[in-house]
Amino acid sequence: EDQVTQSPEALRLQEGESSSLNCSYTVSGLRGLFWYRQDPGKGPEFLFTLYSAGEEKEKERLKATLTKKESFLHITAPKPEDSATYLCAVQEATQGGSEKLVFGKGMKLTVNP
Amino acid sequence: DAGVIQSPRHEVTEMGQEVTLRCKPISGHDYLFWYRQTMMRGLELLIYFNNNVPIDDSGMPEDRFSAKMPNASFSTLKIQPSEPRDSAVYFCASSFQGQGTDTQYFGPGTRLTVL
């Protein structure tokens, strides 16, 4: 069973059309939830880390929120340059303090002008 | 800072050949991670090091894969012998466990094609 599930797998928006991406996770204890952006042919680029339910973080047109079971990445009035694959990853709280990240399969966002 | 550096950026080899991927982490970072990304399985952790010591290699697919970190500024991932199913993009990432942050910063990746 996947620990991290992202939906939808792909999303097409018109420029200015706001939407949300979902990341649901199943870990016994969450140490951190990470959002990354990945452009074609490049490595993932860090966006946000969320640590506890109720936490929110913002960066330009992006806002990430966290509950006990899922995280949302809200995109407000997107622009074509927001087109990318968005990856969600969880870091589980373990006795030894593992640094391991488990990634979802990503969500490909296309914003048309 | 130059960020995480990986080489080569592209590698094409034939089945059975040895492949060595290289990574230079961000200076001062004490954790180094090797990931593999495929369309089918997404981004998967292979192994990670802390202060040059391997901590978790449970993601290494089989004995054909090995990783080393001889010093704080260099790591290799070796596949011997390579197989077509090893074709993927391999990423190296590094992080600094301090000041309450554990963000992993990724390199540009090495695209490996095994014919």
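These numbers were taken from a predicted model, which means no experiment stands behind them. In what follows, chains are A, B, ... by sequence order, proteins preceding strands, each numbered from 1.
Looking only at heavy-atom pairs under 4.5 Å with chain A, the residue among B/S58, B/P108, B/S95 that has the most is B/P108. Taking B/R9, B/E44, B/Q37, B/R41 one by one and counting their heavy-atom pairs under 4.5 Å with chain A, the maximum is reached by B/Q37. Contacts with chain B were tallied for A/S98, A/G106, A/G41; A/S98 has the most, counting heavy-atom pairs under 4.5 Å. Here A/P44 is the residue among A/G43, A/P44, A/G32 with the most heavy-atom pairs under 4.5 Å with chain B.
Within a 6.0 Å radius of CZ in A/R61, other residues, nucleotides and ligands contribute more than 12 heavy atoms. Dense packing is recorded around NZ of A/K57, with more than 12 heavy atoms of other residues, nucleotides or ligands lying under 6.0 Å away.
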**Message:** One pair to check against salt bridge (charged side-chain N to carboxylate O under 4.0 Å, His left out): A/K63 and A/E56. What are the steps and the verdict?
**Reply:** CA-CA 7 Å; A/K63 183 168 84 170; A/E56 298 183 353; 3.8 Å; yes
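The residues B/D56 and A/K100 are annotated as not salt-bridged, no charged nitrogen and carboxylate oxygen being separated by less than 4.0 angstrom.
Between B/F33 and B/Y48, the ring center distance clears the sub-6.0 Å criterion.
Interface residue A/Q91: only side-chain heavy atoms are found under 4.5 Å from chain B. Interface remark: A/K42 contributes backbone atoms only to the contact with chain B (heavy atom separation under 4.5 Å). Contacts between B/Q6 and chain A at a heavy-atom distance below 4.5 Å are absent for every atom of the residue. B/R111 does not touch chain A: none of its heavy atoms, backbone or side chain, sits under 4.5 Å away.
When side chains are defined from C-beta on, A/E92 counts as touching A/S28, because their heavy atoms get closer than 4.5 Å.
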